[in-house]
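Shown next, in structure tokens, is the structure this report addresses.
Start at 1 with the first residue, then count along the sequence.
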Amino acid sequence: MSDYRPVDAATRVEIEQLIAEMLYRLDHNRADSTWELYTEDGVSVGPMGDMDREAMKAWGAKRALQTDVVGRHFIGGIRLVWDGEEVEGTVQYLTFRDTNEPQTLPASVGEFRERYRRVDGRWLFSRREIVPVFGGRAAAAHAARLAGREEPAQ
């Protein structure tokens, strides 16, 4: 038996809007508000470390001040399926950053493995895992820069 239980069109649109809003905020110096897109018990896991909402709020405030770093996310291949009361999603991504050399090549290529939960009529992230498939070293270097640490040895 397949675990493929696709969501209806209205749910897909609402969740895709949530994903687009997250990436817009990240790409337009509004990272200080991304924590608002998570459930109270929401978590983010990935190159930036494991963060609950409070840690995301602190990270986002610091990241929003770093206006000298320009990045853009491009997504596709969005797969959304029901998993009980939540929706599980996989989103393929490309990230470009002006700190990457050369700037015209993606800094990271991978997937977001996400869970979404409807709270008070609104879809939110309950879990977001950032999984670089290519460019993991660049993603780690970016995380170190944002944390104010030396870049990892290559």
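With sequence neighbours excluded, the residues that form a salt bridge (charged side-chain N to carboxylate O under 4.0 Å, His left out) with Asp41 are Arg117. In this view, Thr11 and Val7, Asp8, Ile15, Trp82, Val87, Trp123 satisfy the side-chain contact (heavy atoms from CB on, under 4.5 Å) rule, not counting sequence neighbours. Residues satisfying the side-chain contact (heavy atoms from CB on, under 4.5 Å) criterion with Arg113, sequence neighbours excluded, are Glu111, Glu129, Val131. Applying the side-chain contact (heavy atoms from CB on, under 4.5 Å) criterion to Ala31, with sequence neighbours excluded, gives Leu26, Trp59, Arg63. For Arg115, the side chain to side chain donor-acceptor pair (under 3.5 Å) test picks out Asp83, Glu86, Glu88, with sequence neighbours left out. Glu16 pairs by the side chain to side chain donor-acceptor pair (under 3.5 Å) definition with Arg12, not counting sequence neighbours. For Ile75, the side-chain contact (heavy atoms from CB on, under 4.5 Å) partners at least two apart in sequence or on another chain are Ile19, Leu23, Ile78, Val91, Tyr93, Phe112. Applying the side chain to side chain donor-acceptor pair (under 3.5 Å) rule to Tyr116 yields the partners Glu114; only residues at least two apart in sequence or on another chain are considered. Scored by the side chain to side chain donor-acceptor pair (under 3.5 Å) test, Arg118 finds Glu14 as partners (sequence neighbours excluded).
If you chain together hydrophobic residues whose side chains sit under 4.5 Å apart, Val109 and Leu105 never meet in one group. Linking ILVMFWY side-chain heavy atoms closer than 4.5 Å, directly or via other members, places Val43 and Met22 in two distinct hydrophobic clusters.
Rounded to the nearest 0.5 Å, atoms CD (Glu40) and OG (Ser126) are 12.5 Å apart. The CD atom of Glu21 lies 7.0 Å from the OG atom of Ser33; values are rounded to the nearest 0.5 Å. Remark: Thr34 OG1 to Phe125 CZ distance equals 9.5 Å, nearest 0.5 Å.
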Can you give me every donor-acceptor pair (side chain of residues 45-57, partner residue at least two apart or in another chain, under 3.5 Å) with its distance?
| residue | atom | partner | partner atom | Å |
| --- | --- | --- | --- | --- |
| Asp52 | OD1 | Glu54 | N | 3.2 |
| Asp52 | OD1 | Ala55 | N | 2.9 |
| Arg53 | NH1 | Tyr38 | O | 2.6 |

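The two atoms that bring Ala107 and Arg97 nearest to each other are CB-NH1, 3.2 Å, heavy atoms only. Heavy-atom minimum distance, Ser44 versus Ile130: OG-CD1, 4.4 Å. Scanning all heavy atoms of the two residues, the minimum distance from His73 to Thr95 falls at CD2-OG1, 3.2 Å.
Sorted by first and then second residue, the salt bridge (Lys or Arg N to Asp or Glu O under 4.0 Å) pairs involving residues 27-39 (not counting sequence neighbours) are Arg25-Glu36.
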Item to complete: Take Val70 and Arg72, measure what side-chain contact (heavy atoms from CB on, under 4.5 Å) needs, and give me the verdict at the end.
Response: CA-CA 7 Å; Val70 177; Arg72 291 295 182 267; 4.0 Å; yes
